[in-house]
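Just so you know, these numbers use all the heavy atoms, side chains as well, and skip hydrogens, waters and symmetry mates. Just so we're on the same page: letters track the sequence lines, and every chain starts at 1.
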Number of protein chains: 2
Amino acid sequence: MKNKSFLRACVSVMAKLPKVNRHQRTRADHSTELAEDYVEAVAELIEAHGSCRVTDLAEYFDVSHVTVNRAVARFQRAGWVTTKPYGPIELTKQGTQLAESSRRRHAIVYQFLLALGVDEKTAATDAEGIEHHVSPETLQRMEQFAKQANSKSR
Amino acid sequence: MKNKSFLRACVSVMAKLPKVNRHQRTRADHSTELAEDYVEAVAELIEAHGSCRVTDLAEYFDVSHVTVNRAVARFQRAGWVTTKPYGPIELTKQGTQLAESSRRRHAIVYQFLLALGVDEKTAATDAEGIEHHVSPETLQRMEQFAKQANSKSR
DNA sequence: ACACAGTTTTAGCCGAGGCTACACTTGCGG
DNA sequence: CCGCAAGTGTAGCCTCGGCTAAAACTGTGT
Ligand SMILES: [Mn+2]
Ligand SMILES: [Mn+2]
Ligand SMILES: [Mn+2]
Ligand SMILES: [Mn+2]
């Protein structure tokens with residue numbers, strides 16, 4: 001019975017797994033996840049078009065402009081972006097910082113997946129979700145691995 | 001200006017990133033994420049205690065028993081678990097299958113992070129979030145890497 | 001100057017996933 | 001067999017993140 005032994009293997013691996021509040025951390029990650037994607041997108045769109053409007057973000061994320069509008073209002077309250085009525089969306093100092101660290105992390109995760117041998121499209125998709133759950137320590141390991149793989153292939 | 005050049009590097013990496021609907025995939029991942037964690041936990045608890053009750057899950061996830069109750073009702077409607085009033089929670093055939101594949105994926109991601117050099121506690125925490133965003137292709141690469149690292153160290 | 005198209009905002013709906021307070025079952029120990 | 005603690009369920013609240021429909025604003029071309 002191959003299945004039975006696999007089951008036992010799983011059990012033994014997961015039993016050793018330190019279970020101290022890891023679900024709380026994951027829930028916390030999710031609460032900032034959308035904000036991270038938004039500030040990243042705002043930064044990208046400003047660089048690409050010179051400004052970022054509600055409709056740009058709606059198209060970018062493939063959601064309705066109404067959804068964007070309410071999200072932007074939340075993130076304004078949180079201090080990451082600023083907007084005047086009917087005006088473009090800009091990043092605050094904090095927002096810029098968050099965007100930069102998020103983009104750095106996102107880029108590292110993406111390049112890491114490429115270095116691991118994952119194809120570009122899959123790497124892009126997976127990185128979009130994975131990035132928000134990567135701790136500084138893991139990120140550092142990923143960066144190191146990607147750099148190493150890069151230098152070898154050159 | 002170190003910062004300026006880093007910024008340009010980020011831009012060039014992310015510009016090449018295939019952006020076809022990756023946010024939709026991430027949103028889809030999130031909609032099944034909790035279900036995956038629940039069936040995993042139910043399987044674990046049944047193995048450990050012989051049965052799984054609402055309070056076990058509440059303690060496991062560190063949420064209120066009410067939250068668990070409603071989630072279990074949702075997952076019963078979805079066909080992953082069964083419960084009778086005031087009775088224990090069991091997995092359906094589908095639920096058992098989902099639990100097995102989720103646990104397998106979770107274990108691989110965890111061992112992969114260990115192989116990458118991440119410490120146990122951090123690996124456990126990060127794996128809890130990352131697991132839900134790892135595609136079959138990426139999972140296969142991670143498994144391969146973990147196996148390789150394991151055989152080297154032996 | 002003004003109409004009209006495009007953009008933004010508001011109103012109001014939904015489900016998921018968190019909570020507290022309270023009500024109801026169940027299973028024991030005395 | 002009864003009472004009480006622990007477990008389970010219900011009622012009702014919240015925020016987030018999705019939607020459609022409709023109203024309000026802006027900016028451009030004639
Ligand atoms: Mn990102
Ligand atoms: Mn993302
Ligand atoms: Mn899991
Ligand atoms: Mn998880």
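- Put simply, Ser64(A) has no side-chain N or O that comes within less than 4.0 Å of OP1 or OP2 on dG18(D).
- Atom CZ of Phe112(A) is separated from atom CG of Leu116(A) by 5.0 Å, given to the nearest 0.5 angstrom.
- For the atom pair CD1 (Ile130(B)) and CD (Glu131(A)), the distance works out to 11.5 Å, reported to the nearest 0.5 Å.
- Reading DNA chain C from its 5' end, the first and the last nucleotide to sit under 4.0 Å from a heavy atom of chain A are dT8(C) to dG18(C).
- In this structure, the CZ atom of Arg53(B) is 20 Å from the P atom of dA5(D), given to the nearest Å.
- With Tyr38(B) as reference, Phe61(B) is the one residue of Trp80(B), Phe61(B), Tyr60(B) to meet the ring pair (Phe, Tyr, Trp, His ring centres under 6.0 Å) rule.
- For Asn69(B), no side-chain nitrogen or oxygen approaches OP1 or OP2 of dT8(D) to under 4.0 Å.
- The distance between atom CZ of Phe61(A) and atom P of dG18(D), rounded to the nearest whole Å, is 9 Å.
- Within 4.0 Å of Arg70(A), counting heavy atoms only, lies at least one base atom of the nucleic acid.
- When rounded to the nearest whole Å, the span between CD of Glu59(B) and C1' of dG7(D) equals 14 Å.
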Nucleotide N/O to protein N/O under 3.5 Å, stretch nucleotides 23-29 of chain D:
from: dC25(D); atom 1: O4'; to: Tyr86(A); atom 2: OH; distance (Å): 3.3

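- Formation of a donor-acceptor pair under 3.5 Å by the Ser102(A) side chain with backbone atoms of Leu98(A) is found in this model.
- For the atom pair His106(A) NE2 and Gln111(A) CD, the distance stands at 10.5 Å (nearest 0.5 Å).
- Taking 4.0 angstrom as the limit, Arg27(B) places none of its side-chain polar atoms (N or O) nearer than this to OP1 or OP2 of dG17(D).
- Under 3.5 Å, the side chains of Thr26(B) and Glu128(A) contain no donor-acceptor pair of N or O atoms.
- Hydrophobic clustering, with ILVMFWY side chains joined whenever heavy atoms are under 4.5 angstrom apart, keeps Val42(B) apart from Val66(B).
- In this structure, Tyr38(A) and His65(A) both approach DNA chain D, and ranking their closest nucleotides by distance from the 5' end singles out Tyr38(A).
- To the nearest 0.5 Å, atom OG1 of residue Thr96(B) and atom CD1 of residue Ile46(B) are 8.0 Å apart.
- The number of heavy atoms from other shown groups lying within 6.0 Å of CD (Gln144(B)) is above 12.
- In this structure, Thr55(B) reaches the dT8(D) phosphate: one of its side-chain N or O atoms is under 4.0 Å from OP1 or OP2.
- The distance from atom CG of Asp29(B) to atom P of dG18(D) is 14 Å, rounded to the nearest whole Å.
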